[in-house]
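Quick note on labels: first sequence line is chain A, next is B, and so on, each numbered from 1. Atom set for the values below is all heavy atoms of this structure, side chains included, hydrogens, waters and symmetry mates excluded. A quick note: this is a predicted structure, and the numbers were derived from the prediction, not measured.
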Amino acid sequence: MKLAEVVEEAAPPAGARERVLQGVHAGVARRARRGRVLALSAAALAGALVATLAARGLMTRGRAVVALGQDARAGQAGAPLSAGVIELPSHARVLVREGSQVSLLSDDAAGTLVRVTAGSMAAHVDRRAAGRPFVVLAEDVRVEVIGTTFAVGVSDGKVTVSGHQGIVGVTRRGEHALVRGGQTWPPGRQALRLADDELATLLVEGGTPPSPAPSTSTSTSTSTSTSTSTSTSTSTSTSTSTSTRPRVSYASARRREQAGDVTGALADYQRLPGEDALYAVARLHLTVLREPARARAALETYLVRHPDGRYAREALLHLIGLARQRGDAAAVGSLSARFRARYPDDPATRAPAAGTAP
Amino acid sequence: MAPPTFAEVYAEHFDYVYRVVARLAGRASAEDLTQEVFLVVHRRLAGFEGRAKLTTWLFQIAWNVVGSHQRRERVRRGLLAVFGRAPEPALPPCPLERAEEAARLARALAALPWPQRAALLLCEVEGWSAALLAERLDVPVNTIYTRLHHARRRLAELLGQGEEAT
């Protein structure tokens, strides 16, 4: 066998020239933006330092540094936010609790950046356009809001994120997690609860009435505390869907699977973030549990979340296989066309193409 | 003579860069790495003085970008192995003619040190001469011959082991 006969083709596939050029342009723009952000961040940090020093002087005289809404509306980057509810120029509403150290680093067309140094805050954010995120930084945790009501607290260097409505994405050291309404991150941590009056002040004029969130509506109505991670909590109804679960890792899920506990492994994979776990869910449904409908759902989810992921090619091919199994000629055709467009020179392209004839 | 513009370089040499990158790093990451190469080109083109041929300059950028990628991948794979998180094995989704043979060869190729693998693929598959590769890498031609010799011998050993095992 000759080497050249079996190594993959190296000619660029159709559309690669345009895709790469787009990527280069995006990269060049990103680099330019990063330069601007660095400059702005330096300015914001300097502003925050000055504002903090000023705040200390004013606080000794018992006065609030930032009146509700005023400084934020003026767009002062790096300004410490005083306790109360503040409506930002981007129409997000932020509730800062007494004794908390929260500062607004930026709020402009590039998004909103808030830092929680101590205590806790809550926010109500209407759905944002991509590229204009609402981000809260607390210690080494980054909370990115997708359009929701949530709370973030810091105590003794430990960060807690509680979702009230909608979804927030939490990132720490490259690990990502989604926190939904009623959930707390990290799992098992006592939830930061919002009292009814706090919630009301956040949501009023917020544009989005509170939608029913079964797991949180009960708890917020019965809770009268304004517990934060820095204060003593009197809340008793802190049940969350993840609070009692043990910690799971991909390796432990894999070990369970290898030990034959397929159901347990599947449950573990479903709890884990990342494309490996998601693809493992699809693989188990497909090859072990023989549940094609669930396999299909998992594969489709995988392709939505990781269109260029490590298993995207296999996922697409499995979807074609599943469509063929259920005799769905239209799906086979459209998926095969999608595969050929994405992987025009792939050796497997011939196989799905050959099977597309209804 | 004025240096070429980025658009000219891209239009004329995209295929060449893509092909080199795909050959060195594999098709799966070829687009991402080609993009990285052209980002470097965009940044450094103003400083290109024409002392080397443009293709040689581009090759050296591609070589460095792919080399960095290979090192990152090696560290990533090592870490994954330490924590028992070897990448999810991809299922063979459809029968492929000579798939087993190709997979065995791919595994053997992957086991070669990267400079040897690169020399083998560029010379054996792309048909480059050892002299051309030596010029592009700015190394003596005998270095390329040595890499090719070791690569062929190691590949034969690895493929022989595979056959014995089966």
Considering non-hydrogen atoms only, spot the tightest contact between B/Tyr10 and A/Leu21 and give its length. OH-N, 3.0 Å
Tell me whether A/Glu291 at atom CD has more than 12 heavy atoms from other residues, nucleotides or ligands lying less than 6.0 Å away. yes
Spacing of A/Gln22 atom CD and B/Gln35 atom CD [to the nearest 0.5 Å]: 9.5 Å
Around A/Arg294, counting heavy atoms of other residues, nucleotides and ligands shown, do more than 12 lie under 6.0 Å from its CZ? no
I'd like to know whether CZ of B/Arg43 has more than 12 heavy-atom contacts from other residues, nucleotides or ligands below 6.0 angstrom. yes
Hey, is the main chain of A/Ala11 close enough, under 3.5 Å, to the side chain of B/Tyr18 for a donor-acceptor pair? no
Which atoms of B/Glu36 are under 4.5 Å from chain A, going by heavy atoms: the side chain, the backbone, both sets, or neither? neither
Rounded to the nearest 0.5 Å, what's the gap from CG on B/Asp15 to CZ on A/Arg17? Could you check? 5.0 Å
In Å, rounded to the nearest 0.5 Å, how long is the span from CZ of B/Phe38 to NE2 of A/His25? 11.5 Å
Any side-chain heavy-atom pair of B/Glu31 and A/Pro12 under 4.5 Å: no
Between B/Leu39 and A/Val24 the two heavy atoms that sit nearest each other are CD2-O, 3.5 Å
Take a 6.0 Å sphere around CG of A/Asp328 and say whether it holds more than 12 heavy atoms from other residues, nucleotides or ligands. yes
